There are 2 protein chains.
Amino acid sequence: MSYESFIGYALNAVDTKNRLSIPAEFRDAIVARSGTKDLYIGPARGLDCLIGYDKSYHQVLQNRLDAQAVDEETAEGAFRAMALFGSTSAFKIDDAGRIVMTAGLKDLGDIAGHVWFVAGGNWFQMWNPYRFLEQAGVEPRMLRILRREMEARGLPMTEPAR
Amino acid sequence: MSYESFIGYALNAVDTKNRLSIPAEFRDAIVARSGTKDLYIGPARGLDCLIGYDKSYHQVLQNRLDAQAVDEETAEGAFRAMALFGSTSAFKIDDAGRIVMTAGLKDLGDIAGHVWFVAGGNWFQMWNPYRFLEQAGVEPRMLRILRREMEARGLPMTEPAR
DNA sequence: TGGGTCTCAATGGATATTCATGGTCTGGAA
DNA sequence: TTCCAGACCATGAATATCCATTGAGACCCA
């Protein structure tokens, strides 16, 4: 695959109306990859964060599921399909480059006031920055970058009560 | 692969608006190698500097990642992809041959007023000149060349406080 | 070989555009 | 009517784009 890749990172705020700006670079990549402004967001497997991707990669995931010849009438197959489709939401990015976070997604990703976007090529992750700092196995450099961004915005380094 | 190689060195200034001229020779190599003006910059592994490369070499790195055949939907696979894509920045070189250094990159590479570019074939390194002078294992000849460049620009040989 | 001219790279400054974010308005559901 | 979601408008900061300057080197010609 030689699509445009998701590259880089960003730390954006969720406002009082649950609106969230998608980083401009990611928006451009979404359009370049899929030709649409559609953004799919679901839970990340095995990590305490969300994962976002464009329509073309959603297709890839679906094909992968199909290729596994999962029988959707078995319990296992049904659960797999549900994991992909059930908890995933599709958004259309508005003219200001934002989406409205649903309560369900905020809950899934443990999202509060800010979202830490980190690119992974064909997708990007969306973290509660404090969950990211606590996460084992993260490249120390990425932690350093995030701390710097939090500092630049005056965010406390330890999570405020909510 | 027999692309055009990155060859040579240069010492360029970062201005008050964080703009940085990419050496003309490197710019030409980027276009010759990839057909684009895209420049990727990320942290160098194990060295206190940044590494820059063109799109074709980025593809090589990506293929190397794919070859490891790590399922990117596992936590480990995701972290690997993030180490490559997350901490890297993509720039489009402007008509004057410059990019704008982000705060994050300056921090990662400990970059201040000047950048010392050193070619390495398929990529080039970007150093804070004082970090380069301190670096163990560097060819003495390269140190001499850098000192000469610094002198020509009136830079002090010991790092000024910042 | 020495001057003179020309070109281009690196850099500086001014202006225009975009981004992230906040607020306001309005129509329709409750 | 009251409340909420969505469309629309507003703004400051960050970024990109455009034009100007200077100095070094390439080139040419007598």
Side-chain angles (χ1 to χ4, degrees), chain A residues 6-32 37-39 52 89-106 111-117 119 124 126 129 148-155, chain B residues 6-32 36-39 41 52 89-107 111-117 119 124 126 129 145 148-155:
Chain A
F6 292 107
I7 287 185
Y9 56 85
L11 178 61
N12 288 352
V14 180
D15 72 14
T16 54
K17 299 167 75 176
N18 285 323
R19 293 179 298 188
L20 171 66
S21 284
I22 305 303
E25 287 187 56
F26 291 3
R27 299 201 304 258
D28 293 343
I30 287 174
V31 173
K37 286 188 176 181
D38 295 346
L39 169 60
S89 309
F91 296 89
K92 189 166 289 290
I93 299 173
D94 73 16
D95 291 339
R98 295 189 275 202
I99 62 169
V100 178
M101 293 287 284
T102 63
L105 269 187
K106 284 184 72 173
I111 301 296
H114 291 259
V115 173
W116 172 235
F117 293 85
F124 56 86
M126 298 166 63
R148 173 174 233 308
E149 292 290 327
M150 291 171 70
E151 200 185 327
R153 255 152 245 261
L155 290 193
Chain B
F6 292 107
I7 289 180
Y9 56 85
L11 178 61
N12 288 352
V14 179
D15 72 15
T16 54
K17 296 161 81 173
N18 285 324
R19 293 180 297 190
L20 171 66
S21 284
I22 305 303
E25 287 186 63
F26 291 4
R27 300 201 304 258
D28 294 343
I30 287 173
V31 172
T36 74
K37 287 189 175 181
D38 295 346
L39 169 59
I41 302 180
S89 303
F91 298 90
K92 189 166 288 291
I93 299 175
D94 72 17
D95 291 339
R98 295 188 276 200
I99 61 168
V100 178
M101 293 288 282
T102 63
L105 270 186
K106 285 184 71 174
D107 185 57
I111 301 295
H114 290 259
V115 173
W116 173 234
F117 293 86
F124 55 86
M126 298 167 64
I145 292 174
R148 203 166 65 75
E149 292 289 329
M150 291 171 70
E151 202 185 327
R153 254 152 247 259
L155 290 192

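Because only heavy atoms are used, hydrogens play no part in the values below, and waters and symmetry mates are left out as well, while side chains stay in. Every chain is numbered from 1 and lettered A, B, ... according to where its sequence line falls, protein lines coming before strand lines. These numbers were taken from a predicted model, which means no experiment stands behind them.
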Quick one: which protein N/O atoms are closer than 3.5 Å to N/O atoms of nucleotides 16-27 of chain D? Pair and distance per line, please.
none

Could you tell me how far apart B:Asp15 (CG) and C:dT11 (C1') are, to the nearest whole angstrom?
7 Å
Could you state the atom-to-atom distance from CE of B:Met101 to C1' of D:dA14 in whole Å?
17 Å
Please name all residues satisfying salt bridge (Lys or Arg N to Asp or Glu O under 4.0 Å) with A:Glu149, sequence neighbours left out, ordered by chain then number.
A:Arg153
Mind calculating the distance between CG (A:Leu20) and C1' (D:dA5) to the nearest angstrom?
17 Å
Can you check the A:Glu25 CD to C:dC19 P distance for me, whole Å?
10 Å
Whole-Å distance between D:dA14 C1' and A:Arg153 CZ?
11 Å
How would you label the contact of B:Ile22 with the nucleic acid (heavy atoms, under 4.0 Å): base, sugar-phosphate, or nothing?
sugar-phosphate
Does C:dA9 have OP1 or OP2 under 4.0 Å away from a side-chain N or O of B:Ser21?
no
In whole angstroms, how far is the C1' atom of D:dA7 from the CD1 atom of A:Ile93?
17 Å
In chain order, what residues pass the side-chain contact (heavy atoms from CB on, under 4.5 Å) check against A:Arg27, with sequence neighbours excluded?
A:Ile22, A:Ala24, A:Ile93
Rounded off to whole Å, could you give me the CG-to-P distance for the A:Leu11 and C:dC19 pair?
18 Å
Report yes if at least one side-chain N or O of B:Arg27 is closer than 4.0 Å to OP1 or OP2 of C:dC8; otherwise report no.
no
Mark yes or no for whether A:Asn12, through its side chain, and A:Val115, through its backbone, hold a donor-acceptor pair below 3.5 Å.
no
Those residues that, when tested against B:Tyr9, pass ring-ring contact (aromatic ring centres under 6.0 Å, His included) (two or more places apart):
B:Trp116
Under the rule for side-chain contact (heavy atoms from CB on, under 4.5 Å), what residues qualify as partners of A:Asp28, not counting sequence neighbours?
none
Please name all residues satisfying side-chain contact (heavy atoms from CB on, under 4.5 Å) with B:Val31, sequence neighbours left out, ordered by chain then number.
B:Lys37
Separation of C:dT21 C1' from A:Asn18 CG (nearest whole Å):
14 Å
Rounded at 0.5 Å granularity, tell me how far CG in B:Asp38 sits from CD1 in B:Ile99.
12.0 Å
